[in-house]
Engineer: 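I'd like to ask you about the structure that follows.
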Amino acid sequence: FVCKEACDGRVFKIGNAASFIEPLEASSLAVVRIQLELFGFWMQQFRLSSVTGMTKQMVETVNDEIRNLILELSVFIGWHYANGSKFDTSFWRGAQSSFHHAITELVPPHTSARLQEHLDRAAQIPVDQIRSLRRQSDLDRYTHRLETFPRAFGGITPLGFAQLSDGLVRNSEKTAEV
């Protein structure tokens with residue numbers, strides 16, 4: 001769920017009033033944090049400008065940013081579920097099929113391309129390096145040899161992509177051992 005208008009020019013909806021993504025625990029706090037940062041940025045802009053209220057373009061920009069954040073985060077969660085298990089069950093097959101359908105038929109091509117760009121960049125980091133990275137500054141020290149990572153995808157940093165990819169690999173290794 002995502003509101004068509006999380007902002008109407010006077011009121012900013014945040015949290016579940018603006019959007020809702022499952023799994024709730026994994027996404028709500030991150031989305032609220034990003035929404036608050038976005039709204040704080042816009043409020044700061046008003047304070048620094050002579051504008052007395054939000055223009056229609058400003059309202060549309062805020063709403064577009066929120067909708068895009070939720071779309072990207074939904075795609076990221078779908079990717080995670082599509083790659084989250086090596087077990088051959090109807091649930092996991094459905095997750096893979098649903099993600100494939102969404103990414104090829106429903107998700108705008110520029111969003112799919114951004115996801116692929118993040119995956120490609122994360123794949124450039126050797127596994128032994130990923131497992132030693134804990135903070136964005138650790139990744140920044142390592143990636144000085146790589147091209148600059150693109151801005152966060154659905155609020156997920158490049159470090160988050162790399163760590164999750166490593167976790168999926170570890171999960172498949174454990175599944176293969178069972």
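All residue numbers refer to positions in the sequence shown, counting from 1.
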Engineer: What is the distance from atom SG of Cys7 to atom CG of Asp64, rounded to the nearest 0.5 Å?
Structural biologist: 11.5 Å
Engineer: Identify the two heavy atoms, one from Ala18 and one from Ala6, that lie closest to each other, and give their separation to 0.1 Å.
Structural biologist: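 Looking at all heavy atoms of both residues, the closest pair is CB-CB, 4.0 Å.
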Engineer: Nearest 0.5 Å, please: how far is OG in Ser112 from CD in Glu72?
Structural biologist: 10.5 Å
Engineer: Set out, in order, the CA-CA distance, both residues' side-chain angles and the distance that settles side chain to side chain contact (heavy atoms under 4.5 Å, CB included) for Phe99 and Tyr81, then state yes or no.
Structural biologist: CA-CA 8 Å; Phe99 179 73; Tyr81 271 87; over 6 Å; no
Engineer: Is the Phe153 ring parallel, tilted or perpendicular to the His118 ring (thresholds 30°, 60°)?
Structural biologist: tilted
Engineer: For residues Trp79 and Leu119, determine if any side-chain heavy atom of one lies less than 4.5 Å from a side-chain heavy atom of the other.
Structural biologist: yes
Engineer: Can you list the steps and then say if Asp88 with Arg93 is a side chain to side chain contact (heavy atoms under 4.5 Å, CB included)?
Structural biologist: CA-CA 7 Å; Asp88 186 18; Arg93 285 190 303 271; 2.5 Å; yes
Engineer: Atom OG in Ser98, atom CG in Leu106: separation rounded to 0.5 Å?
Structural biologist: 10.0 Å
Engineer: Check Leu69, Leu71, Ile70 against Val2 for a side-chain contact (heavy atoms from CB on, under 4.5 Å) and give me the one that passes.
Structural biologist: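 The single option meeting the side-chain contact (heavy atoms from CB on, under 4.5 Å) with Val2 is Ile70.
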Engineer: How long is the gap from CZ on Phe39 to CZ on Phe12, to the nearest 0.5 Å?
Structural biologist: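 If I round to the nearest 0.5 Å, the distance is 5.5 Å.
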Engineer: Testing the basics here: between Val62 and Leu38, what is the closest heavy-atom pair and its distance to 0.1 Å?
Structural biologist: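 Heavy atoms of Val62 and Leu38 come nearest at O-CD2, 4.1 Å.
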Engineer: Any chance you could measure Thr111, atom OG1, to Phe76, atom CZ, to the nearest 0.5 Å?
Structural biologist: 15.0 Å
Engineer: Which residues pass the side chain to side chain contact (heavy atoms under 4.5 Å, CB included) test with Glu60, not counting sequence neighbours?
Structural biologist: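 With sequence neighbours excluded, Glu60 shows a side chain to side chain contact (heavy atoms under 4.5 Å, CB included) to Lys56, given in chain and number order.
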Engineer: Holding to side chain to side chain contact (heavy atoms under 4.5 Å, CB included), I want the full list of residues that pass it with Gln57, two or more places apart in sequence or in another chain.
Structural biologist: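 Per chain and number, Gln57 pairs via side chain to side chain contact (heavy atoms under 4.5 Å, CB included) with Thr55, Thr61.
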Engineer: Do Gln35 and Ser19 have side chains that approach each other closer than 4.5 Å (heavy atoms only, starting at C-beta)?
Structural biologist: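 Side-chain contact under 4.5 Å: yes.
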Engineer: In the single-linkage hydrophobic clustering (I, L, V, M, F, W, Y; side-chain heavy atoms under 4.5 Å), do Ile34 and Leu36 co-cluster?
Structural biologist: yes
Engineer: Could you walk me through whether Asp8 and Val59 pass the side chain to side chain contact (heavy atoms under 4.5 Å, CB included) test, one step at a time?
Structural biologist: CA-CA 6 Å; Asp8 67 5; Val59 170; 5.7 Å; no
